[in-house]
> 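Just dropping this structure here.
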Amino acid sequence: MKRVAIYARVSTQSQNTENQLLELRQVAERMGYMVVQEFVDHGISGAKSRIHRPALDAMLKLATQRKIEMILCWDISRLGRSLQHLIEILNDLQTLKCDLYFHQNGIDTSTVTGRMIFQICGSLAEFERNLIRERVISGQQRAKSEGKHIGRPSQMTDALKTSIRLLREQGMAIKKIASTLSVGVGTVYSVITV
């Protein structure tokens with residue numbers, strides 16, 4: 001008998017997960033699965049990561065302990081709104097040999113077709129990440145060509161440079177200068193080697 005967990009989520013406190021749970025319990029009974037535990041996140045967006053969704057986190061820990069073999073979810077959107085989060089969860093679960101079943105979407109990763117659909121989703125997520133990366137790099141190059149500074153603003157002031165040089169001239173060690181002025185050792189080196 002396959003050991004499964006049921007996961008349900010709603011975005012607002014006024015919504016109810018009972019319909020999701022009822023259908024998933026019926027699926028488990030029909031398939032002859034043993035429901036180990038039900039996990040419900042109330043009032044939490046699907047765009048939030050695992051650490052902000054306590055029930056999801058607890059369920060994935062149960063999977064890590066190999067106490068479940070499959071997770072039943074009413075719809076893909078209940079598990080996550082971000083394709084990247086979904087793929088990360090899927091990859092984690094595949095490593096643990098834990099499958100996913102999405103009732104509304106008709107996807108079961110314990111089947112060849114279900115795995116193929118998720119692999120396609122994984123490829124699309126990677127494609128999306130690469131497009132975002134290319135847009136970021138293009139934007140940075142454009143900003144640089146316009147003379148704009150990329151990155152955090154420098155905390156280096158003329159007063160800080162003068163203080164570093166003065167302390168060094170007085171014979172203070174580089175690490176001591178850094179700790180005295182609350183700057184990094186690299187910052188001190190960048191001033192005294194100019």
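Because only heavy atoms are used, hydrogens play no part in the values below, and waters and symmetry mates are left out as well, while side chains stay in.
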> Would a hydrophobic clustering, with Ile, Leu, Val, Met, Phe, Trp and Tyr connected at side-chain separations under 4.5 Å, put I117 with I76?
yes

> Is the shortest heavy-atom distance from the side chain of V40 to the side chain of L21 under 4.5 Å?
yes

> Going by side chain to side chain contact (heavy atoms under 4.5 Å, CB included), name the residues that satisfy it together with Q141, two or more places apart in sequence or in a different chain.
I137

> Treating Ile, Leu, Val, Met, Phe, Trp and Tyr as nodes and any side-chain heavy-atom pair under 4.5 angstrom as an edge, say whether M156 and Y189 lie in one connected cluster.
yes

> Which atoms form the tightest heavy-atom contact between M1 and E69, and what is the distance?
O-OE2, 3.9 Å

> Can you name the nearest heavy-atom pair linking L96 to R66, along with the distance?
O-NH1, 2.8 Å

> For R9, is there any backbone N or O sitting under 3.5 Å from a side-chain donor or acceptor partner on R78?
yes

> Return yes if some donor-acceptor pair links the side-chain N/O of Q20 with the main-chain N/O of T17 below 3.5 Å, else return no.
no

> Under 4.5 Å between any side-chain heavy atoms of R133 and V136, yes or no?
no

> Rounded to the nearest 0.5 Å, what separation is found between the CD1 atom of I68 and the CG atom of L93?
7.5 Å

> So if you build clusters from Ile, Leu, Val, Met, Phe, Trp, Tyr with side-chain heavy-atom gaps below 4.5 Å, do Y101 and I89 land together?
no

> Take R142 and E146 through the salt bridge (Lys or Arg N to Asp or Glu O under 4.0 Å) test and state the conclusion after the steps.
CA-CA 6 Å; R142 187 192 75 254; E146 294 171 357; 3.7 Å; yes

> For K67, I'd like to know if atom NZ has over 12 heavy atoms of other residues, nucleotides or ligands within 6.0 Å.
no

> When you compare the side chain of V188 with that of V183, does any pair of heavy atoms fall below 4.5 Å?
yes

> What's the shortest heavy-atom distance between Y7 and I71, and which atoms?
CB-CG2, 4.2 Å

> Are any of the side-chain nitrogens in R53 or D57 under 4.0 Å away from the carboxylate oxygens of its partner?
no

> Among the clusters formed by ILVMFWY side chains lying less than 4.5 Å apart, do V4 and W74 turn up in the same one?
yes

> Between L56 and V10, is there a shared hydrophobic cluster once you connect ILVMFWY residues whose side-chain heavy atoms come closer than 4.5 Å?
no

> So how far is it from R115 CZ to L90 CG, rounded to the nearest 0.5 Å?
10.5 Å

> How many angstroms lie between CD1 in I164 and OG in S190, if you round to the nearest 0.5 Å?
6.5 Å

> Between side-chain atoms of residues 172-181 and protein atoms elsewhere (two or more places apart, or another chain), which donor-acceptor pairs fall under 3.5 Å?
from: S179; atom 1: OG; to: K175; atom 2: O; distance (Å): 3.4
from: S179; atom 1: OG; to: K176; atom 2: O; distance (Å): 3.1
from: T180; atom 1: OG1; to: K176; atom 2: O; distance (Å): 2.6

> Over all heavy atoms of both residues, which pair between S110 and K2 is shortest? Give the atoms and the distance, please.
CB-NZ, 4.0 Å

> Nearest 0.5 Å, please: how far is CE in M70 from CG in L100?
8.0 Å

> Is the shortest distance from a Lys or Arg side-chain nitrogen in E18 or R25 to a carboxylate oxygen in the other one below 4.0 Å?
yes

> Just by modelled atom types, is the G114 backbone N or O under 3.5 Å from a matching donor or acceptor in the D108 side chain?
no

> Okay, side chain of S138, backbone of E134: is any donor-acceptor separation there less than 3.5 Å?
no

> For the atom pair CD1 (I6) and NE2 (H103), what is the distance rounded to the nearest 0.5 Å?
11.0 Å

> Which heavy atom of L62 sits nearest to which heavy atom of F39, and what is that distance?
CD2-CZ, 3.8 Å

> Working to the nearest 0.5 Å, report the span between CG of L72 and CE of M31.
9.0 Å

> When you look at CD of E29, are more than 12 heavy atoms from neighbouring residues, nucleotides or ligands closer to it than 6.0 Å?
no

> May I ask you to test the T109-Q94 pair for a side-chain heavy-atom distance under 4.5 Å?
no

